[in-house]
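Contents: one structure, followed by commentary.
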Amino acid sequence: MEVVRPEFLPDPGRSREEMEALQREIAGVASFADDLGFDPSDAALDATPDEQTGLDAADAPVIVGVDQAFRDDESVSAAVAIRDGAVVESAEGRAPLEIPYIPGLLAFREGGAIVDALESLSVAPDALVLDGSGRIHFRQAGIATHVGVLFDVPAVGVAKNLLCGTPREPLADPLPAGTRVPIDADDSMDAPAGTVVGYAFQSRQYPNPEKRHVNPLYVSSGHRASAETAVDLVAATCAGYKLPEPTRLADAYADELK
DNA sequence: GCGACAG
DNA sequence: ATCTTGTCGC
């Protein structure tokens, strides 16, 4: 695929102020409304052809999971494309690590490798699933938003920890599988207070949560999807594990490359 | 000054 | 994210 907004490429050499200004600009052109072009349920891994309503495996949407691993002074990005639960293509990208990890500026540290990987992908993704936040970000432009806007493709962010925002209800330790708790914007964010910027989503849970439990995922829209649809897509691509399959596969491939 | 923060 | 074995619970 190809970058369609090169002016938004994450340049690690910019000053912090310039990076933040770019993120506000990106948030301005990002869309947090549904514009997927497919039904999230059709992204289910077990989308077996159904004579009545199902679609052919060849017509199922292509979901691309993206994740990074680090080796010495370089970032290695892995992009794994899945269609109907099967891997149709894998790509890798690399870029030198030029800046340290700074909360809120993750895209400027890892974005280069991600762009490198996605540019070498020959299939056209119907949606991207990235590790990190989308709209759950101080300036509503997390790494999922940044990458989604760069390529103008639907994107969702899946994080294991909450960067900012406030769960509408306190997150009980063992949340039942399937639970969705809205994440409201707080004072640290640009979004108007009360805006639902994402969801805490319990993708799976152990049989006896009282003894051992799984923490929820923090899902947010990156681009061209609503917060609800972002969760629907993640829920459809989970296969019994905490992380959605596209992410798990990209994670494993990135480690393999490293 | 203190707190708080994806990967 | 990464450094790392066993161990607990399912």
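As a basis for the values below, the full set of heavy atoms in this structure was taken, side chains included, without hydrogen atoms, waters or symmetry mates. Within every chain, numbering begins at 1; the chains are lettered A, B, ... in the order of the sequence lines, protein sequences first and strands thereafter.
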Atom-to-atom span, [atom1] of [X] to [atom2] of [N] - whole angstrom:
X        : N     : atom1 : atom2 : answer
A:Phe70  : B:dA6 : CZ    : C1'   : 11 Å
A:Glu110 : C:dT2 : CD    : C1'   : 12 Å
A:Leu217 : B:dA6 : CG    : P     : 15 Å
A:Leu130 : C:dA1 : CG    : C1'   : 16 Å
A:Glu74  : C:dT2 : CD    : C1'   : 15 Å
A:Asp67  : C:dT2 : CG    : C1'   : 13 Å
A:Gln68  : B:dG7 : CD    : P     : 11 Å
A:Asp131 : B:dG7 : CG    : C1'   : 8 Å

By a strict heavy-atom criterion of less than 4.0 Å, which residues belonging to [range] are in contact with DNA chain B?
range                       : value
residues 245-258 of chain A : none
residues 139-158 of chain A : A:Gly142, A:Ile143
residues 11-33 of chain A   : none

Could you list, one pair per line, each protein nitrogen or oxygen that sits under 3.5 Å from a nitrogen or oxygen of nucleotides 1-5 of chain B, together with the distance?
{"residue": "B:dC5", "atom": "O4'", "partner": "A:Leu163", "partner atom": "O", "Å": "3.4"}

What's the spacing between [X] [atom1] and [Y] [atom2] if we round to 0.5 Å?
X        : Y        : atom1 : atom2 : result
A:Glu256 : A:Asp251 : CD    : CG    : 11.5 Å
A:Arg14  : A:Leu22  : CZ    : CG    : 10.5 Å
A:Leu150 : A:His223 : CG    : NE2   : 10.0 Å

Exercise: identify the closest heavy-atom pair between [X] and [Y]:
X        : Y        : result
A:Phe32  : A:Ser221 : CD2-OG, 3.6 Å
A:Pro176 : A:Thr179 : O-OG1, 2.6 Å
A:Val123 : A:Pro125 : O-CD, 3.2 Å
A:Pro40  : A:Asp232 : CB-CB, 3.9 Å
A:Ala250 : A:Val80  : CA-CG2, 3.7 Å
A:Thr237 : A:Pro244 : OG1-CB, 3.4 Å

Using Watson-Crick or G-U wobble pairs with both distances under 3.5 Å, give me DNA chain B in dot-bracket, 5' to 3', with [ ] for crossers and | for pairs to another strand.
-> .......
Exercise answer: donor-acceptor pairs, residues 100-119 of chain A side-chain atoms, under 3.5 Å, sequence neighbours excluded:
{"residue": "A:Arg109", "atom": "NH1", "partner": "A:Ile99", "partner atom": "O", "Å": "2.7"}
{"residue": "A:Glu110", "atom": "OE1", "partner": "A:Gln68", "partner atom": "NE2", "Å": "2.9"}
{"residue": "A:Asp116", "atom": "OD2", "partner": "A:Arg94", "partner atom": "N", "Å": "2.8"}

If you measure from the Lys or Arg side-chain nitrogens to the Asp or Glu carboxylate oxygens, is any gap between A:Lys258 and A:Asp72 under 4.0 Å?
-> no
Salt-bridge test for A:Asp152 and A:Arg224: reply yes if a basic N is under 4.0 Å from a carboxylate O, no otherwise.
->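 Yes, A:Asp152 and A:Arg224 are salt-bridged.
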Would you classify A:Leu105 as touching base, sugar-phosphate or nothing, given that sugar-phosphate means primed atoms plus P, OP1 and OP2, and contacts are heavy atoms under 4.0 Å?
->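 Base contact - A:Leu105 has a heavy atom under 4.0 Å of at least one base atom.
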Nearest of B:dA6, C:dT2, C:dA1 to any side-chain atom of A:Lys160?
->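 Taking heavy atoms from C-beta onward, the closest nucleotide is C:dA1.
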Tell me, yes or no, whether the heavy-atom count around A:Glu2 atom CD, taken from other residues, nucleotides or ligands under 6.0 Å, exceeds 12.
-> no
Answer with yes or no whether the hydrophobic clustering places [X] together with [Y]; edges join I, L, V, M, F, W, Y residues whose side-chain heavy atoms lie under 4.5 Å apart.
X        : Y        : result
A:Val64  : A:Leu130 : yes
A:Leu121 : A:Ile63  : no
A:Leu249 : A:Val129 : no

Please test A:Ser122 against A:Glu89 for side-chain hydrogen bond (donor to acceptor under 3.5 Å, both in side chains), starting from the C-alpha separation and ending with a verdict.
-> CA-CA 8 Å; A:Ser122 58; A:Glu89 186 182 354; 3.0 Å; yes
Connected-component partners of A:Val4 among ILVMFWY, side-chain separation under 4.5 Å =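 Via sub-4.5 Å side-chain contacts, A:Val4 links to none.
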With a cutoff of under 4.5 Å between side-chain heavy atoms, which Ile, Leu, Val, Met, Phe, Trp and Tyr residues group with A:Phe70?
->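 When side chains under 4.5 Å apart are linked, the cluster holding A:Phe70 also contains A:Leu97.
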List the atom pairs, donor and acceptor, that lie under 3.5 Å between side-chain atoms in residues 188-200 of chain A and the rest of the protein, sequence neighbours left out.
{"residue": "A:Ser188", "atom": "OG", "partner": "A:Asp186", "partner atom": "OD1", "Å": "2.6"}
{"residue": "A:Thr195", "atom": "OG1", "partner": "A:Pro192", "partner atom": "O", "Å": "2.6"}
{"residue": "A:Tyr199", "atom": "OH", "partner": "A:Glu228", "partner atom": "OE2", "Å": "2.8"}

Parsed dot-bracket for DNA chain C after applying the Watson-Crick and G-U rules with both distances under 3.5 Å and | for other-strand partners is ..........
Can you check nucleotides 7-10 of chain C for protein contacts, nitrogen or oxygen pairs under 3.5 Å, and list what you find?
{"residue": "C:dC8", "atom": "O2", "partner": "A:Arg212", "partner atom": "NH1", "Å": "2.9"}
{"residue": "C:dC8", "atom": "O2", "partner": "A:Arg212", "partner atom": "NH2", "Å": "3.2"}
{"residue": "C:dC10", "atom": "OP1", "partner": "A:Asn208", "partner atom": "ND2", "Å": "3.0"}

Residues which pass salt bridge (charged side-chain N to carboxylate O under 4.0 Å, His left out) with A:Arg83, listed by chain and number, not counting sequence neighbours =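 Per chain and number, A:Arg83 pairs via salt bridge (charged side-chain N to carboxylate O under 4.0 Å, His left out) with no residue.
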